[in-house]
Amino acid sequence: GESVGLHLPTLSVQEGDNSIINCAYSNSASDYFIWYKQESGKGPQFIIDIRSNMDKRQGQRVTVLLNKTVKHLSLQIAATQPGDSAVYFCAVHLSGTYKYIFGTGTRLKVLA
Amino acid sequence: DAGITQSPRHKVTETGTPVTLRCHQTENHRYMYWYRQDPGHGLRLIHYSYGVKDTDKGEVSDGYSVSRSKTEDFLLTLESATSSQTSVYFCAISVQDNEQFFGPGTRLTVL
């Protein structure tokens, strides 16, 4: 079956350092990937996405890397700030369907 | 929030009572979804809709029904609420190119 997993449930980083959050997926028919940020008591917030025909995409302070060979996705946050503290999870869209599979999330803690 | 609202935002109810959650969007997107979010699980799809009166089941649809009589509204109904349906419920829309955006959520407690 399909699954999406994250390597670490919690990640603590010093303010100003870079953060890397990982996601692994199982379905080769995945064609689109999204990273979300979720703060306590709020809905998931779209951060950045990438399609399967790309291997890297950059946004403002965030970069997503996609390695289709090993079915691995990562989110890099540059110069992590206190406001980045949240749960981050990835979503994987299954080609030809309306369906997305979600990871369980990594809680990012930013240490002052 | 991509023009998505959910109501109510919080609800406490008793086992066996019916509950309806509402999702409203302002931008006439075709695809709408209901998910539940529980500790230790990723978001799980309950039902989704690909148009007015066009709906289909997700992976955790037992005990839930949906209706979509207008493009802008997608209703989720728990016919007879159970304690296992205590959860946070999120509505989402999918726009062109598959980008998916979420509403603020409804926290439901079934006693």
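Numbers restart at 1 for each chain; the letters A, B, ... are given by sequence-line order, proteins then strands.
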Does [X] belong to the same Ile/Leu/Val/Met/Phe/Trp/Tyr cluster as [Y], with side-chain heavy atoms less than 4.5 Å apart forming each link?
X	Y	answer
Tyr88(A)	Leu65(A)	no
Leu11(A)	Ile77(A)	yes
Tyr25(A)	Ile48(A)	yes
Leu75(B)	Tyr48(B)	no
Leu8(A)	Leu73(A)	yes

query: In Å and rounded to the nearest 0.5 Å, what is the CD to CD distance from Gln37(B) to Gln38(A)?
result: 4.0 Å
task: Hey, could you give me the CG/OG1 distance between Asp56(B) and Thr97(A), rounded to the nearest 0.5 Å?
output: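 Here the interatomic distance stands at 11.0 Å.
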task: Taking atom NZ of Lys68(A) as the centre, report whether more than 12 heavy atoms of other residues, nucleotides or ligands fall under 6.0 Å from it.
output: yes
- prompt: When you look at CD of Gln14(A), are more than 12 heavy atoms from neighbouring residues, nucleotides or ligands closer to it than 6.0 Å?
  reply: yes
field: Region of Arg44(B) that comes under 4.5 Å of a non-hydrogen atom in chain A
entry: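 It is neither, since no heavy atom gets under 4.5 Å.
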query: Of the backbone (N, CA, C, O) and the side chain (C-beta and beyond), which part of Gln6(B) lies under 4.5 Å from a heavy atom of chain A, both, or neither?
result: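 Contact with chain A: none, neither part.
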message: With a 4.5 angstrom heavy-atom cut-off, is it the side chain or the backbone of Glu39(A) that approaches chain B, or both, or neither?
response: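 Interface part for Glu39(A): neither.
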List the atom of [X], the atom of [Y], and the distance in Å for their closest heavy-atom pair.
X	Y	result
Leu43(B)	Phe102(A)	O-CD1, 3.5 Å
Ile34(A)	Glu99(B)	CD1-CA, 4.5 Å
Leu45(B)	Lys99(A)	CD2-CG, 4.3 Å

- prompt: Is the side chain of Tyr50(B) donor-acceptor paired with the backbone N or O of Tyr98(A) at a distance under 3.5 Å, no angle test?
  reply: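 A pair under 3.5 Å: no.
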- request: Look at the rings of Phe102(B) and Tyr36(A) and say which category their plane angle falls in: under 30° parallel, 30 to 60° tilted, over 60° perpendicular.
  value: perpendicular
- line: Which of Phe101(B), Phe90(B), Tyr35(B) passes side chain to side chain contact (heavy atoms under 4.5 Å, CB included) with Pro44(A)? Answer is Phe90(B)
field: Heavy-atom check, side chain of Gln100(B) versus side chain of Tyr100(A), under 4.5 Å
entry: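 Answer yes - side chains close enough.
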